[in-house]
Amino acid sequence: MDTQQAVAETAPFEATEDGVEARRDGSNKITLGPGDSLEGKLNYNGHVSVQGRAEGEFRISGNFDVANGATVKALIEGSNVSIKGDVEGMLTAREKLTIGKSGKINGDITVKRLQIEDGASLNGHVRMGSFENG
Amino acid sequence: MAESETSMVMLGPNDRLIGELHIEGNLRVSGTLEGQIEATGDVEVAEAAKVKASVTGREVNVSGQVNGPVVASKKLVIGRSGSVVGDVKVPRLVMQDGASLSGNVQMGPKVAAEMAASAETAPEMAAVGATDGQTDEKPKGKRR
């Protein structure tokens, strides 16, 4: 019980800060909760995590996460991209794309590195390699 | 040999095959292969292997280089040293980090259903072929 209190005192903001939170490395993060939805175009310097619904165009400097149960219909560009939900659209991962076992992608992907877990689904064209030639 | 009913074909690191290969059983390639491969069982492409062929099998495991379309009726696994350049049609696909893949990927339940449909016609053809020669193959369903 003592430790619980200590934790609560030393980290008063981290748990309560909803949505946008500043991280220790200075990069920002947007989290769309399960009931949240976003439609439009987003250019963002930081990480994005989607648990709800997102539609449009996302160009992210950091990592892009699509959680299990999330639906994304968009053009996605991110550094490390992790897909555990449903994704429809063109996807670019400048570093690595991970498709989890619950992940589903319908669309063409361009990635540097690719990891696919058993159970994942992918329909589309795969292009791998460096990004020097666009 | 693990099982008596299925044959196992192995191509060593210094072996080379150019042409068409059709086997009722499993295949393991460590050398060079060009042309067309069709196996009823599993296909394994080892790390040093260079395959420039269309590959068809049940479970296909790639740790080497494959240049050509790959069709697996069960699953395709591309290991961390593996590379596939070509279109892929499989119900399930596993790719380890470090693996490389370039091509069109078609997978999921739709592909699985398609495979099942084509598998239904395959045993008939096999049965016709079996009447030509004597085969000791027993129906697998009755085995314990």
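To find a chain, count down the sequence lines: A is the first, B the second, and so on, and within it residues start at 1. All of these numbers come straight from a predicted model, not from anything done at the bench. Atoms considered below: every heavy atom in the structure, side chains included; atoms not considered: hydrogens, waters and symmetry mates.
Counting non-hydrogen atoms of neighbouring residues, nucleotides and ligands closer than 6.0 angstrom, the CG atom of Asn45(A) reaches no more than 12 such neighbours.
How far NZ of Lys104(A) is from CE of Met107(B): 11.0 Å, rounded to the nearest 0.5 Å. Atom CG of residue Leu122(A) and atom CZ of residue Arg92(B) lie 15.5 Å apart, to the nearest 0.5 angstrom.
For Leu101(B) against Val126(A), the heavy-atom pair with the smallest separation is O-CG1, 3.3 Å. Between Asp97(B) and Arg113(A) the shortest heavy-atom distance is OD2-NH2, 2.6 Å. Contact detail for Met128(A) and Met95(B): the closest heavy-atom pair is SD-CE, 4.1 Å.
The salt bridge (Lys or Arg N to Asp or Glu O under 4.0 Å) analysis of residues 58-84 of chain B, with sequence neighbours excluded, yields the pairs Asp118(A)-Lys75(B), Asp42(B)-Arg58(B), Glu59(B)-Lys74(B).
Counting side-chain heavy-atom gaps under 4.5 Å among Ile, Leu, Val, Met, Phe, Trp and Tyr, the cluster of Val77(B) also holds Val94(B).
Linking Ile, Leu, Val, Met, Phe, Trp and Tyr residues whenever their side-chain heavy atoms come within less than 4.5 Å leaves Val66(A) and Met90(A) in two separate clusters. The hydrophobic clustering, which links ILVMFWY residues whose side-chain heavy atoms are closer than 4.5 Å, places Val85(B) and Ile78(B) apart.
Of the atoms belonging to Lys96(A), it is side-chain heavy atoms, and not backbone ones, that fall under 4.5 Å from chain B.
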